[in-house]
Amino acid sequence: MNWEFIWEYLPLYREAALLTVKIGYAGIAIAVAVGLVCAVALYFKVPVLKRIISVYIEISRNTPLLIQLFFIYYALPKIGIPTSPEACGVAGLAFLGGSYMTEAFRSGLEAVEPIQMESALSLGLEKSQALRHVIMPQAMSVSVPAFVANVIFLLKETSVFSAVSLMDLMFTAKDLIGLYYKTTESLLMLVVFYLIILLPVSILGSVLERRLRHAGFGT
Amino acid sequence: MPDLGLDVLFKGKNMIRLLGGLWVAVKISLISVAISIPLGILLGIIMTSKNPLIKAVTRVYLEFIRIMPQLVLLFIVFFGTTSALGVNISGELASVIVFTAWGTAEMGDLVRGALISIPKHQYESAAALTLTPAQTYLYVIIPQTVRRLIPLSINLITRMIKTTSLILMIGVVEVLKVAQQIIEANRMSSPNAAFGVYLTVLFMYFIICWPISMLAKRLEKKWG
């Protein structure tokens, strides 16, 4: 093990990890927004929208992110939609994550008994008020485990970003292996940096899950 | 109507070549699933053991495999074995090793979950009837877990097929690589080939994975 090599190239990995985290969380944030909107639309069974969302979910969940990225990055410019690598990474992750987040939130919403909505409405709350103050808080606590699992899944999926020429951790590792043949060192740093990114989320997830378990109503 | 570059697909053997590339990825996932399922069942049973050492070792294995992106695992096996052991393994072999290790971990966790959901009195009743542990599993526990496991294992197949698209990144010639070659070869005659070809690849994956997920969903509802 060549520690000098590791020390020398540590800043390179840090940059790459920052890029991964930045694009990863930007994509996840949009995915959460998409997921919330879609889940609420499905919950209220909005006529046409419901069908469109189901089609979107099926396409997004049944195709690999790598192919989605290739399509966004190389195919969309051909019909006049230009993309940059960063925008492509965020958009791809949001497209994939949106459907996973929708499923997480939807299962939470479905777990809330219909009587909760009926009672809220009979107390004179508007539908939107009932959703915000009665349904959502209960649904969210049910969604947390699936939500955290999705965040970890999506952060892991960012590893394919180098395919659209983003200089992420995978790109850096492959580059160093190709240039200097320091395979063991490069792979070790790769693993360590992914652990730094993913372990805290995983631990936070299990803590949250334990704390929220009793937050549901009537259980 | 702009040129969407779909004509490229019908030139020469392009469509056949794409399908051939797809088969490479699907073949690797099917082989990996076929090995993962029995190994995963075994791992799942081992994980319910009370021995703290066995518990710790299987737990670390599971957590490591599951927290690492599959592409990182592919890099470790593909590049790592060459430098650590001095042997050159092909991209295909590296893929099968990684996807089997990953599939075994996922399957093992599913099996463990299904096993611990079986109430304790099932084991105790079987023991009271003087069944050996092997008989208990074979005749009492496994039949009850299988129904829960089948939809989840089918889901694992679609996840496996989607994940095998990563083998492009360690240089295996599969559908995306073939797509790149086709686009490159036709860049003069149809500059928009990228649209048609990548759309087709996306559609191909969808056509394979969608029916399988539908089947899993239906079985889950029926047996759930």
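Chain letters run A, B, ... following the sequence lines, proteins first and then strands; every chain starts at 1. All values below were derived from every heavy atom in this structure, side-chain atoms included, with hydrogens, water molecules and symmetry-related copies excluded.
Proximity to chain B is limited to the side chain of A:Ser202, based on heavy atoms less than 4.5 angstrom apart. If you measure heavy-atom distances from A:Ile177 to chain B, the contacts under 4.5 Å come from the side chain alone. Using a 4.5 Å cut-off between heavy atoms, A:Leu195 contacts chain B through both its backbone and its side chain. In this structure, the portions of A:Val191 lying under 4.5 Å from any heavy atom of chain B include both its backbone and its side chain.
Residues B:Tyr205 and A:Asn62 have side chains not in contact (no heavy-atom distance under 4.5 Å, counting atoms from C-beta outward). Annotation: side chain of A:Thr63 is not in contact with side chain of B:Ser165 (no heavy-atom distance under 4.5 Å).
Taken from CD1 in B:Ile170 to NZ in A:Lys174, the straight-line distance is 8.5 Å, to the nearest 0.5 Å.
Looking at every heavy atom in both residues, A:Lys78 comes nearest to B:Ala194 through CE-CB, 3.7 Å.
Note on B:Phe75, B:Phe64, B:Phe203: by heavy-atom pairs under 4.5 Å with chain A, the leading option is B:Phe75.
A:Phe70 and B:Tyr198 have perpendicular rings, their planes meeting at more than 60° on a 0 to 90° scale where under 30° would count as parallel.
Aromatic ring centroids of B:Phe195 and A:Tyr74 lie 6.0 Å or more apart.
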Subject >> Criterion side-chain contact (heavy atoms from CB on, under 4.5 Å) on B:Ser213 and A:Arg61, from CA distance to verdict >> reply: CA-CA 9 Å; B:Ser213 346; A:Arg61 288 183 71 109; over 6 Å; no
